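A quick write-up on the structure given underneath.
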Amino acid sequence: MPELPEVENARRCLIKAELPGRAFTKADIGWAKSVKTPDLEEFALGLRGGVVQDVHRRGKYILLPLVNGESETRTLILHLGMSGGLSVQPRTNPMHPLVRHTFSLDDGRELRFEDGRKFGKIWLVSDPSEVLPPLSPDPLEGGLTPQVLAKSLEGRNAPIKALLLEQSIVAGMGNLYADESLFLAGINPTRSAAGLTGEEIDRLQQSIVNALTASIEKYETARDESWPDPPRALTGWTHPRTEGAPCPRCNGPFTGTRVRGRGTYYCPKCQG
DNA sequence: AGTACGTCCTGATCGC
DNA sequence: TGCGATCAGGACGTAC
């Protein structure tokens with residue numbers, strides 16, 4: 001589930017749970033392959049004693065800058081993959097069966113990393129740029145202007161939907177919000193990026209920002225209402241994801257197809 | 001370089 | 001109700 005809005009929601013939950021200021025006392029890794037850097041032993045050793053300074057997000061990555069007693073700084077980086085989720089809970093709370101990793105804190109709570117499909121990833125590094133892939137400016141912080149987007153799409157003949165999923169083009173974009181952005185912009189997901197007009201790219205850029213912002217707002221409300229239970233996954237998009245379902249705009253039937261192997265839904269009439 | 005495909009995993013859901 | 005088949009919202013390595 002985690003795309004930019006879900007990861008941003010997770011980030012805000014960790015802030016609200018007052019994770020910053022706490023120190024890690026222990027790492028319990030339940031699926032070794034999740035830890036990419038360094039090796040397991042060094043990871044557990046390096047994490048111990050680290051005091052969380054803040055919770056940042058870069059695209060779909062959560063970054064926890066840590067400082068230990070000797071004022072050495074490292075960063076714990078988490079990627080939630082396809083099915084990951086994070087929560088901070090008292091150690092005594094019942095453990096969800098899909099929690100793969102737990103990071104004990106110095107106040108009797110622990111950071112829990114749930115990851116049913118085991119596609120999540122974890123790094124502990126001195127310099128995040130060692131492991132982070134190239135990412136576009138964050139769509140929520142104004143850096144992803146129509147000009148920047150147009151430049152990224154220049155000369156690219158792949159379907160626009162496929163390119164929106166590239167994190168170097170739109171950091172944080174995922175399959176669902178790609179469909180939603182294209183629906184809002186009225187653009188067919190299968191069209192070649194190079195064939196888009198300047199006006200369409202402008203509309204697409206605006207739709208990307210709108211789609212992500214609207215979803216985050218929904219999470220914001222849900223979090224306030226349901227705290228401390230993290231908001232369940234909510235429907236942060238407006239287009240249907242069922243073949244034949246009525247288009248919210250023209251009432252015509254939605255089409256389901258595959259673009260680069262990913263489930264793709266669009267209105268053939270509004271997104272001709 | 002750009003594009004397309006297979007692969008890593010298991011839980012949830014669908015159809016018979 | 002039970003059970004096998006299919007599907008899932010990410011990302012990367014590989015090959016053309």
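Quick note on labels: first sequence line is chain A, next is B, and so on, each numbered from 1. Computed from a predicted model, the values in this text were never measured in an experiment. The figures that follow rest on heavy atoms only: side chains count, while hydrogens, waters and symmetry mates do not.
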Please check if any side-chain donor atom of [X] sits under 3.5 Å from a side-chain acceptor atom of [Y], or the reverse.
{"X": "A/Ser215", "Y": "A/Tyr177", "answer": "yes"}
{"X": "A/Arg112", "Y": "A/Gln89", "answer": "yes"}
{"X": "A/Gln206", "Y": "A/Asn210", "answer": "yes"}
{"X": "A/Glu114", "Y": "A/Ser87", "answer": "no"}
{"X": "A/Asp28", "Y": "A/Ser104", "answer": "no"}
{"X": "A/Thr264", "Y": "A/Lys161", "answer": "yes"}
{"X": "A/Arg241", "Y": "A/His239", "answer": "yes"}
{"X": "A/Glu6", "Y": "A/Tyr219", "answer": "yes"}

Output the rounded distance in Å from [atom1] ([X]) to [atom2] ([N]).
{"X": "A/Glu166", "N": "B/dT3", "atom1": "CD", "atom2": "C1'", "answer": "9 Å"}
{"X": "A/Ile77", "N": "C/dA11", "atom1": "CD1", "atom2": "P", "answer": "14 Å"}
{"X": "A/Arg241", "N": "C/dG9", "atom1": "CZ", "atom2": "C1'", "answer": "8 Å"}
{"X": "A/Ile62", "N": "C/dG10", "atom1": "CD1", "atom2": "C1'", "answer": "15 Å"}
{"X": "A/Arg258", "N": "B/dC5", "atom1": "CZ", "atom2": "P", "answer": "12 Å"}
{"X": "A/Asp179", "N": "C/dG10", "atom1": "CG", "atom2": "P", "answer": "10 Å"}
{"X": "A/Asn175", "N": "C/dA11", "atom1": "CG", "atom2": "P", "answer": "11 Å"}
{"X": "A/Leu4", "N": "C/dA11", "atom1": "CG", "atom2": "P", "answer": "11 Å"}

Please classify the nucleic acid contact of A/Arg262 as base, sugar-phosphate, or nothing, using heavy-atom distances under 4.0 Å.
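Base, at least one base heavy atom under 4.0 Å.
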
I'd like to check [X] versus [Y] (side-chain heavy atoms, cut-off strictly below 4.5 Å). Are they in contact?
{"X": "A/Glu3", "Y": "A/Leu176", "value": "yes"}
{"X": "A/Leu76", "Y": "A/Phe24", "value": "yes"}
{"X": "A/Val170", "Y": "A/Pro139", "value": "yes"}

Please state the P separation for the pair C/dC12 and B/dG11 - nearest whole angstrom.
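Roughly 24 Å separates the two P atoms.
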
How far, in whole Å, is B/dG6 from C/dT6 if one measures between their P atoms?
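It comes out at 16 Å once rounded to the nearest Å.
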
Both conditions, 6.0 Å and 45 degrees, for the charged tip of A/Lys36 above the ring of A/Trp123: are they met here?
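No, A/Lys36 and A/Trp123 do not form such a contact.
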
Residue [X], side-chain atoms from C-beta onward, closest of [options]:
{"X": "A/Gln167", "options": "B/dG11, B/dT3, C/dA11", "answer": "C/dA11"}
{"X": "A/Ala158", "options": "C/dA8, C/dC12, B/dT3", "answer": "B/dT3"}
{"X": "A/Glu6", "options": "B/dT10, C/dG10, C/dG9", "answer": "C/dG9"}
{"X": "A/Asn157", "options": "B/dT3, C/dA8, C/dG10", "answer": "B/dT3"}
{"X": "A/Pro133", "options": "C/dC12, C/dA11, C/dC7", "answer": "C/dC12"}
{"X": "A/Arg100", "options": "C/dA11, B/dG11, C/dG9", "answer": "B/dG11"}

Just one of A/Leu132, A/Ile77, A/Leu63 clears the side-chain contact (heavy atoms from CB on, under 4.5 Å) bar with A/Val125, so which one?
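Of the listed residues A/Leu132, A/Ile77, A/Leu63, the side-chain contact (heavy atoms from CB on, under 4.5 Å) partner of A/Val125 is A/Ile77.
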
Ignoring backbone atoms, establish whether A/His79 has a side-chain N or O less than 4.0 Å from OP1 or OP2 of C/dG10.
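For C/dG10, OP1/OP2 do not have a side-chain N/O of A/His79 under 4.0 Å.
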
Quick check on B/dT3: is either OP1 or OP2 less than 4.0 Å from any side-chain nitrogen or oxygen of A/Arg156?
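For A/Arg156, the contact criterion (side-chain N or O under 4.0 Å from OP1 or OP2 of B/dT3) is met.
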
Dot-bracket encoding of pairs in DNA chain C, which uses [ ] for pseudoknotted crossings and | for another strand, Watson-Crick or G-U under 3.5 angstrom
.|||||||.|||||||

Going by heavy atoms closer than 4.0 Å, what residues in residues 118-127 of chain A are next to DNA chain B?
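Result for residues 118-127 of chain A: A/Lys118, A/Phe119, sorted by number.
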
Sort me out a list of protein N/O and nucleotides 12-15 of chain B N/O pairs below 3.5 Å, or just none if empty.
none

